[in-house]
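Residue numbers start from 1 in every chain, and the chains themselves are labelled A, B, ... in the order their sequence lines are given, proteins ahead of strands.
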Amino acid sequence: MEKPFFKKGETKKSSVKELLASSRAIEGVFVQGWVRTARDHKDFAFLEVNDGSCLKNLQVLVDGGLPAYGALADFSTGSAISILGDLVESPGKGQKWELKAKEIELVGSCPPDYPLQKKRHSDEFLRTIAHLRPRTNKYGALLRIRSQLAQAVHSFFCDEGFFLVSTPILTASDCEGAGDLFSVSAPAHENKEEFFGKKAFLTVSGQLALETHALALGKVYTFGPTFRAENSHTARHAAEFWMIEPEMAFADLADDMDLAEKFVKYLVGHLLNFCQEDMELFFAFVDKSLQEALNAIADKTFERITYTKAIEILQKSGKSFEHPVAWGLDLQTEHERFLAESFVQGPVFVCDYPTQIKPFYMRANPDGKTVAAMDLLAPRVGEIIGGSQREERHDFLKAAMERQKLSKEEYGWYLDTRLYGSAPHSGFGMGFERFLMLATGITNIRDVISFPRTPGSIAY
RNA sequence: UCCCCAGUAGCUCAGUCGGCAGAGCAGGUGGCUGUUAACCACCGUGUCCGUGGUUCGAGUCCGCGCUGGGGAGCCA
């Protein structure tokens with residue numbers, strides 16, 4: 001429907017972000033967005049309009065003389081409207097610019113049972129209306145930041161000479177990471193029971209596929225959805241999440257940690273430089289210590305300690321832990337938290353873990369007891385990166401696979417890469433949502449992904 | 001899968017010892033002011049999560065179930 005004051009192709013539409021950043025008054029601007037709140041007065045009214053382009057709203061002055069003033073009840077909280085008006089300096093306090101409306105048109109009305117109100121809602125409540133929560137300040141800010149950071153992931157790897165590889169989401173490897181997999185089924189075709197002729201699953205990691213490409217293109221990465229059918233009920237686990245996995249040929253574990261550290265610092269730097277307005281919300285309302293914590297990540301060199309050293313530190317800490325601390329046992333959440341939050345007070349790499357608690361593909365260290373693995377532990381969110389140098393020696397890998405009883409038929413192709421021009425190589429995986437939790441101070445993974453999938457919950 | 005907590009108006013929550021179901025916000029109506037999570041006055045709002053039990057009487061006590069949250073394990 002053609003609007004009287006909006007000619008498609010002729011009228012230039014402005015975003016709220018552009019207008020608020022304007023250096024001058026502008027006559028005849030056109031804006032479309034959603035009413036956040038209306039302040040009704042006797043002879044005039046104010047509408048706060050948000051179009052998602054930024055956190056801030058544009059204040060729209062509706063003069064009593066306008067026909068729109070008579071229809072003010074239509075422009076209720078949540079309604080979608082188009083406004084034509086003049087951008088003028090605001091005589092009121094609190095904003096530099098405001099839009100003096102000339103014409104307003106209701107695009108989509110919003111009845112009074114609109115669940116989002118002009119007040120703070122709990123995260124738990126907002127999760128029950130995940131289709132509407134992007135309209136709140138907090139989720140809007142989060143989603144803009146999420147988008148910015150996703151772009152930054154690609155620019156980082158591009159700058160570092162990495163190639164993006166799209167690894168398969170459907171996979172036949174049923175023990176990629178020993179985690180529980182979602183199985184994939186399709187309608188039966190002809191006589192075939194299985195669509196692919198064998199069982200298929202959703203990927204739990206692109207790593208094995210990525211290794212084959214690193215041994216051809218040198219430096220590669222993938223950034224895609226990952227699926228884990230683990231029955232985890234925590235604030236840090238989702239059944240569907242996004243993971244960033246780089247893989248480098250001719251690189252050892254130290255190179256791997258160097259890359260991980262540079263990567264994390266780059267993302268934090270990007271956040272502080274390009275997402276300032278949205279980040280202010282998290283600094284002010286979500287976590288008061290967040291700004292300091294992010295500055296520390298950007299400035300400080302990450303500590304690197306071996307697993308063996310970490311066990312010593314924990315044993316000498318004088319703290320009584322609920323779970324036992326002994327060489328050969330995996331670090332528990334409370335141990336990781338102590339290391340990152342109390343001992344280092346910042347991100348810390350723990351490397352060279354006992355062979356028996358790590359997967360088959362990690363490279364055996366000369367000591368015969370440990371493998372070249374590393375975890376980056378961050379305060380509050382725990383393990384944010386897990387990586388390793390991969391076992392590139394054919395005989396070592398074959399022996400490790402036999403020990404862990406992996407079928408040679410299923411993984412022959414993987415072993416092949418060690419037969420033909422094998423080279424040392426390393427990589428890691430970073431949970432994108434875990435990083436977003438670190439970045440924003442949000443404490444529940446369900447609140448950094450648009451439609452969270454957790455055990456027993458897949459609404460939308 | 002295990003342990004703990006919660007579920008009362010659209011939202012956030014109070015509800016004492018078991019004795020008539022409450023407040024703030026949101027919403028409606030009117031007023032007022034260059035306001036800004038506006039303000040002032042008035043108005044309406046309930047399957048007290050479900051189910052079974054104890055009791056003269058249950059939002060309140062007990063059993064079971066459901067949902068949400070926190071923690072553990074598993075992991076990113």
Side-chain angles (χ1 to χ4, degrees), chain A residues 36-49 56-64 73 76-78 88-95 98 100 110-129 132 136-137 176-180 204-207 225-245 260 285 321-323 330-337 357-359 375-378 381-387 428-438 443-449 454-457 459:
Chain A
R36 281 293 176 80
T37 176
R39 290 184 291 274
D40 181 14
H41 298 250
K42 194 182 180 189
D43 300 315
F44 54 91
F46 294 105
L47 302 178
E48 294 279 344
V49 175
K56 289 204 175 83
N57 303 322
L58 179 66
Q59 175 165 286
V60 177
L61 174 67
V62 187
D63 200 82
S76 56
T77 299
V88 299
E89 274 195 61
S90 175
K93 286 173 194 157
Q95 61 282 317
E98 67 184 26
K100 195 162 187 293
C110 189
D113 60 355
Y114 184 50
L116 290 175
Q117 296 163 19
K118 296 182 277 188
K119 61 168 233 171
R120 208 196 147 273
H121 288 286
S122 67
D123 293 335
E124 291 81 4
F125 172 66
L126 291 172
R127 261 170 238 153
T128 67
I129 49 166
L132 296 174
T136 64
N137 286 338
E176 276 185 20
D180 297 320
V204 294
S205 166
Q207 183 199 318
T226 308
F227 307 89
R228 304 270 168 97
E230 286 149 7
N231 191 21
S232 301
H233 294 94
T234 81
R236 310 183 296 283
H237 289 85
E240 178 184 273
F241 63 99
W242 287 67
M243 189 154 68
I244 298 139
E245 296 174 278
F285 300 116
F321 294 104
E322 206 174 308
H323 298 270
D330 214 345
L331 296 178
Q332 305 296 316
T333 298
E334 58 174 343
H335 307 142
E336 296 182 347
R337 290 190 65 146
I357 60 171
K358 289 292 179 184
D375 286 347
L376 180 62
L377 310 178
V381 289
E383 184 181 341
I384 190 165
I385 283 176
F428 63 80
M430 180 174 95
F432 189 46
E433 284 77 16
R434 292 253 175 106
F435 182 81
L436 283 167
M437 292 168 72
L438 181 72
T443 53
N444 196 311
I445 198 166
R446 299 176 187 90
D447 299 328
V448 294
I449 188 165
T454 51
S457 172

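- Contact annotation: the side chain of A:Met430 approaches that of A:Phe435 to within less than 4.5 Å [non-hydrogen atoms, C-beta and beyond].
- Between the side chain of A:Ser90 and the base of B:G34, at least one donor-acceptor pair of N or O atoms lies under 3.5 Å.
- Nearer the 5' end of RNA chain B, as judged by each residue's closest nucleotide, is the contact made by A:Ala73, out of A:Ala73 and A:Lys42.
- Both A:Phe44 and A:Ala38 sit near RNA chain B, but only A:Phe44 has its closest nucleotide nearer the 5' end.
- The line from CZ of A:Phe432 to CE of A:Met243 is 13.5 Å long, rounded to the nearest 0.5 Å.
- Taking atom P on both nucleotides, B:G46 is separated from B:G10 by 8 Å, rounded to a whole Å.
- A:Arg39 places its CZ atom 17 Å from the P atom of B:U33, with the value rounded to the nearest Å.
- Residue A:Phe285 qualifies as open at atom CZ: its count of foreign heavy atoms under 6.0 Å is 12 or below.
- A stacked arrangement is not assigned to A:Phe46 and the six-membered base ring of B:G34, the conditions of a centre distance below 5.5 Å and an interplanar angle below 30° not being jointly met.
- Counting non-hydrogen atoms under 4.0 angstrom, A:Asn57 reaches nothing in the nucleic acid.
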Check: protein-nucleotides 1-3 of chain B nitrogen or oxygen pairs below 3.5 Å:
| from | atom 1 | to | atom 2 | distance (Å) |
| --- | --- | --- | --- | --- |
| B:U1 | O4 | A:Asn231 | O | 3.1 |
| B:U1 | O4 | A:His233 | ND1 | 2.8 |

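- If you take NE2 of A:His335 and C1' of B:G73, they are 13 Å apart, rounded to a whole angstrom.
- Of all nucleotides present, none satisfies the Watson-Crick or G-U wobble test against B:U55 with each distance under 3.5 Å.
- Once the 5.5 Å centre distance and the 30° plane angle are applied, the aromatic ring of A:His41 is found stacked with the base of B:U33.
- The base of B:U35 sits with one of its N or O atoms less than 3.5 Å from a complementary donor or acceptor on the side chain of A:Gln95.
- Looking at A:Ile445 and A:Met437, their side chains come closer than 4.5 Å, going by heavy atoms from C-beta outward.
- Ion pair A:Glu48/A:Arg39 flagged as a salt bridge, since at least one NZ, NE, NH1 or NH2 atom sits closer than 4.0 Å to an Asp/Glu carboxylate oxygen.
- Although no hydrogens or angles enter the test, the distance criterion places no donor-acceptor pair under 3.5 Å between the side chain of A:Glu336 and the main chain of A:Leu377.
- When Watson-Crick and G-U wobble pairs are counted only if both distances are under 3.5 Å, B:A72 pairs with B:U1.
- Surrounding NZ of A:Lys100 are at most 12 heavy atoms belonging to other residues, nucleotides or ligands under 6.0 Å away.
- A straight line from CG of A:Leu116 to P of B:U12 spans 12 Å, rounded to a whole angstrom.
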